[in-house]
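Please read these numbers as outputs of a predicted model, since none were measured by experiment. Computed from heavy atoms alone, side chains included, the values below leave out hydrogens, waters and symmetry copies. Along the sequence shown, residues are numbered consecutively beginning with 1.
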Amino acid sequence: MSSPRPAPDADPAPDPEDPILEARVAHAVAPYADLLPSEDLEALQSLTRRFLATHPVAAPLVDRLRPRTPPASSGEVDRRAPAALAEAAQRLTAKAASAAAGPAASAAAGPAASPAAGPRHGPTGRRGPAR
């Protein structure tokens, strides 16, 4: 059993003055213009308009067709929040400090961090073919 549908008036009505949306509706309904009576064509246009404006997949696709506003100025743009940038800076500082400490810090980290341990091959960790 399906869930009851909300009344058609419950959904927000799409903007009828939106030229991008209207162009997509006209393109989608054009093949049916000669086949449907005018009242059915208007109902199909209304349904298509509502679908393209409110569907969770279709609406972002229509939004991608809209022209983007140019940036106010050129230059670098922060991609992360200041707290995330501070955390990344602390990690880099800690990594640089452990590298500057030399081999004593890497020996304390264990044999996997030691360059003398060499690469491990295969699931058994052996080098070369199994004997």
Side-chain angles (χ1 to χ4, degrees):
M1 182 172 173
S2 64
S3 61
R5 292 184 177 189
D9 295 337
D11 290 336
D15 183 14
E17 301 298 322
D18 185 359
I20 301 294
L21 183 63
E22 291 304 315
R24 292 290 90 205
V25 169
H27 180 75
V29 176
Y32 307 101
D34 295 334
L35 302 173
L36 295 174
S38 63
E39 61 271 357
D40 290 344
L41 187 62
E42 289 174 14
L44 182 60
Q45 288 172 339
S46 175
L47 177 67
T48 304
R49 188 176 298 112
R50 185 174 301 268
F51 174 82
L52 291 176
T54 60
H55 190 273
V57 174
L61 294 175
V62 172
D63 288 340
R64 289 181 65 185
L65 297 172
R66 300 182 197 291
R68 295 191 304 167
T69 57
S73 64
S74 63
E76 294 182 13
V77 176
D78 289 336
R79 299 280 182 198
R80 295 186 189 178
L85 290 173
E87 180 184 341
Q90 287 177 348
R91 280 187 277 148
L92 286 174
T93 304
K95 186 175 181 180
S98 68
S106 62
S114 172
R120 298 178 64 94
H121 299 279
T124 61
R126 294 182 184 159
R127 297 182 196 199
R131 295 187 184 174

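- Y32 and F51 fall within the same hydrophobic cluster, defined by Ile, Leu, Val, Met, Phe, Trp and Tyr side-chain heavy atoms under 4.5 Å apart, directly or through other members.
- In this structure, R24 and L65 approach most closely via the heavy-atom pair CD-CD1, 3.5 Å.
- Panel note: side chain T48, backbone L44; a donor-acceptor pair is recorded below 3.5 Å.
- With V25 as reference, L52 is the one residue of V62, L52, I20 to meet the side chain to side chain contact (heavy atoms under 4.5 Å, CB included) rule.
- The two residues A53 and A59 have their closest heavy-atom pair at O-CB, 3.6 Å.
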Task: E22/R49 under side chain to side chain contact (heavy atoms under 4.5 Å, CB included): CA gap, chis, key distance, verdict - done: CA-CA 7 Å; E22 291 304 315; R49 188 176 298 112; 2.7 Å; yes

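- Among pairs with a residue in residues 57-73, those fulfilling salt bridge (Lys or Arg N to Asp or Glu O under 4.0 Å) read D18-R66, D63-R66, at least two apart in sequence or across chains.
- Between the CD atom in E42 and the CG atom in L47 there is a gap of 13.5 Å [rounded to 0.5 Å].
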